[in-house]
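Below is one structure, written out as structure tokens; comments come after it.
Chain letters run A, B, ... following the sequence lines, proteins first, then strands; residues in each count from 1. Quick caveat, the model's predicted, so the values are computed rather than measured.
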2 protein chains.
Amino acid sequence: MSGTATKARDRHQEILDAAARVITERGLAETRIADIAERAGVSPGLILYYFDSKDRLLAEALTYANDQFYLRMSREIRRISSAREQLRRLIDLSVPGYLPEYGRLDEWALWVEVWVRALRDPEMAKDREALDQRWRSQIAEIIRAGQTSGEFTSEVPAEELALRLACLIDGLAIQVVMNDPQVTPERMHRTCMEVAANELGFRL
Amino acid sequence: MSGTATKARDRHQEILDAAARVITERGLAETRIADIAERAGVSPGLILYYFDSKDRLLAEALTYANDQFYLRMSREIRRISSAREQLRRLIDLSVPGYLPEYGRLDEWALWVEVWVRALRDPEMAKDREALDQRWRSQIAEIIRAGQTSGEFTSEVPAEELALRLACLIDGLAIQVVMNDPQVTPERMHRTCMEVAANELGFRL
DNA sequence: CCCGAGTTTGAACGGCGAGTCAAGTCCGAG
DNA sequence: CTCGGACTTGACTCGCCGTTCAAACTCGGG
């Protein structure tokens with residue numbers, strides 16, 4: 001019984017995982033069920049045995065992958081005590097291709113796909129909003145922690161600072177993930193750190 | 001002779017225009033040739049008489065529309081003398097849905113489509129880079145003008161400030177165009193103005 | 001008035017890929 | 001061992017467009 005459930009859950013995740021990978025490589029529009037099946041090492045029919053439709057699968061895969069990314073980041077940051085170091089780590093992880101070991105799933109490419117889809121799909125829009133909400137809250141929390149510990153100083157409310165930082169990161173990450181030669185990962189990193197230092201009143 | 005050329009050019013633009021509109025409404029992925037034809041008031045066959053393929057047409061339509069937007073903004077800003085007012089106007093125009101009269105083509109929705117496509121299509125990537133380059137230069141120029149006129153003060157180079165502002169605007173505009181309840185057009189506008197005032201050393 | 005090049009039409013074609021299904025295979029329970 | 005339900009397969013169907021094309025239309029010049 002639990003054997004069955006476990007196996008089924010694995011398949012489910014395996015397929016979501018395969019889907020996320022294929023989407024990252026080929027883009028949402030060019031992703032075929034056959035591609036996902038091949039990547040997962042199963043037959044095309046099985047994909048539709050576990051998911052009602054290609055569309056639902058793709059939507060689930062997008063939120064799933066972004067969820068994973070958020071959880072990984074969240075876990076890592078919780079281990080750090082200094083708010084300044086937490087913020088630095090958050091920025092490290094946000095710059096596409098900055099940390100060599102994390103080069104795998106290009107989360108930002110998936111984000112762009114989420115945005116496109118969220119423009120028309122209310123379901124996706126809801127998920128996106130929740131995801132972004134968490135992302136900003138994560139940043140806000142770090143800022144608040146730094147404010148109480150005295151590491152950061154600012155008259156601007158933490159929520160507003162978090163919004164500024166989150167959006168700056170978003171905007172810069174787009175340029176980086178697009179391979180804009182003017183916005184290298186290093187430059188994005190430096191810019192984020194400088195703005196943070198400036199807004200939060202600490203020296204680099 | 002010029003009659004023919006004029007007519008052909010008109011059709012060309014008419015179709016690009018129709019395409020841009022349909023893409024804005026339905027999204028790149030859901031845009032069919034038949035939709036564009038209907039919107040342009042011609043038969044589907046004619047679309048492929050003027051464009052080699054659907055794909056090329058869509059790519060052209062995206063850059064065409066963004067080009068138009070940039071040119072409109074650029075023209076408007078050139079008429080303003082004060083750098084501070086130029087910057088305010090640039091921000092006004094950048095906030096989706098802030099100015100009621102400009103509510104029509106939601107340029108930012110098209111931008112997201114550009115990004116998705118640029119991730120895989122080198123042609124589109126090149127266009128995107130050029131477009132973004134101009135966008136940042138526009139901002140940088142305003143900043144430099146304000147610095148020489150004494151309206152702005154900052155030790156940070158204009159190019160770097162322009163990057164920060166451009167990316168902040170991008171990131172915020174995404175939230176706004178996604179209808180995030182936490183990021184209203186008004187809030188985006190306020191945030192942009194505050195950051196600009198802060199970074200450029202002027203009072204609101 | 002008529003010819004022909006440039007336009008415009010819409011019906012027809014063809015390929016592609018999502019979703020279906022009937023037939024297996026696997027595996028645990030009895 | 002055997003039965004049955006869950007799981008898996010891959011060939012098939014079916015509808016949807018992108019694209020093609022032959023026929024019609026327009027209109028300016030001769």
Side-chain angles (χ1 to χ4, degrees), chain A residues 1-62 64 113 116-117 120-121 123-124, chain B residues 1-62 64 113 116-117 120-121 123-124:
Chain A
M1 47 161 95
S2 99
T4 301
T6 306
K7 200 171 178 185
R9 175 149 320 176
D10 282 349
R11 271 284 184 253
H12 209 262
Q13 295 223 158
E14 278 169 29
I15 294 173
L16 284 177
D17 217 69
R21 251 186 271 266
V22 175
I23 295 170
T24 310
E25 281 167 17
R26 307 178 55 112
L28 198 61
E30 299 297 306
T31 295
R32 331 238 163 280
I33 287 189
D35 302 327
I36 300 170
E38 192 185 8
R39 177 54 81 109
V42 299
S43 76
L46 196 64
I47 304 295
L48 293 184
Y49 176 76
Y50 281 98
F51 294 86
D52 292 341
S53 73
K54 180 200 180 186
D55 221 52
R56 280 238 185 93
L57 163 55
L58 293 181
E60 261 189 65
L62 285 176
Y64 167 80
E113 303 282 6
V116 166
R117 208 186 148 131
R120 274 106 200 169
D121 174 358
E123 192 85 21
M124 189 88 255
Chain B
M1 49 162 88
S2 100
T4 301
T6 305
K7 200 172 181 184
R9 175 148 320 175
D10 282 349
R11 272 286 185 249
H12 209 262
Q13 294 223 157
E14 278 170 29
I15 294 173
L16 284 177
D17 218 70
R21 251 187 271 267
V22 174
I23 296 170
T24 309
E25 281 168 17
R26 310 178 55 110
L28 198 60
E30 300 298 307
T31 295
R32 330 242 163 273
I33 285 191
D35 302 327
I36 299 170
E38 191 184 7
R39 176 55 79 107
V42 299
S43 77
L46 197 64
I47 305 293
L48 293 200
Y49 177 77
Y50 282 98
F51 293 86
D52 292 341
S53 73
K54 179 199 180 186
D55 221 50
R56 280 239 185 92
L57 163 57
L58 294 182
E60 262 189 67
L62 285 177
Y64 167 80
E113 303 282 6
V116 166
R117 208 187 149 134
R120 272 104 199 170
D121 174 357
E123 192 84 22
M124 189 88 251

State, yes or no, whether a side-chain contact exists between [X] and [Y] at a heavy-atom distance under 4.5 Å.
| X | Y | result |
| --- | --- | --- |
| B/Val42 | B/Arg11 | yes |
| B/Asp17 | B/Tyr64 | yes |
| B/Leu57 | B/Leu16 | yes |

In whole angstrom, give the distance that lies between atom [atom1] of [X] and atom [atom2] of [N].
| X | N | atom1 | atom2 | result |
| --- | --- | --- | --- | --- |
| A/His12 | D/dT8 | NE2 | C1' | 16 Å |
| A/Arg11 | C/dC26 | CZ | C1' | 12 Å |
| B/Arg26 | D/dC16 | CZ | P | 13 Å |
| B/Tyr50 | D/dG18 | OH | P | 20 Å |
| B/Asp10 | C/dT7 | CG | P | 12 Å |
| B/Glu14 | C/dT8 | CD | C1' | 13 Å |
| B/Phe51 | D/dG18 | CZ | P | 15 Å |
| B/Leu57 | D/dC17 | CG | P | 16 Å |

Margin query: By nearest atom, which of the nucleotides D/dG18, C/dG19, C/dT8 is closest to the A/Ile33 side chain?
Written below: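 For the A/Ile33 side chain, the nearest candidate turns out to be C/dG19.
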
Notebook entry, point to check: Which of the following nucleotides, D/dT19, C/dG17, C/dT8, is nearest to the side chain of A/Arg32?
Noted result: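 Nucleotide nearest to A/Arg32's side chain: C/dG17.
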
Note to self: Is it true that, when you exclude B/Arg120 itself, more than 12 heavy atoms of the residues, nucleotides or ligands shown sit nearer than 6.0 Å to its CZ?
What the structure shows: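 Above 12, so yes.
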
Note to self: Run the side-chain contact (heavy atoms from CB on, under 4.5 Å) test against B/Arg32 and tell me which residues pass, sequence neighbours left out.
What the structure shows: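 For B/Arg32, the residues satisfying side-chain contact (heavy atoms from CB on, under 4.5 Å) (neighbours in sequence not counted) are B/Glu30, B/Asp35.
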
Notebook entry, point to check: Between residues 40-49 of chain A and DNA chain D, which residues have a heavy-atom gap below 4.0 Å?
Noted result: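 Within residues 40-49 of chain A, the residues near DNA chain D are A/Val42, A/Ser43, A/Gly45, A/Leu46, A/Tyr49.
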
Margin query: If I take atom CG from residue A/Leu28 and atom CG from residue A/Leu58, how far apart are they, to the nearest 0.5 angstrom?
Written below: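 Going from CG on A/Leu28 over to CG on A/Leu58, the span is 5.0 Å.
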
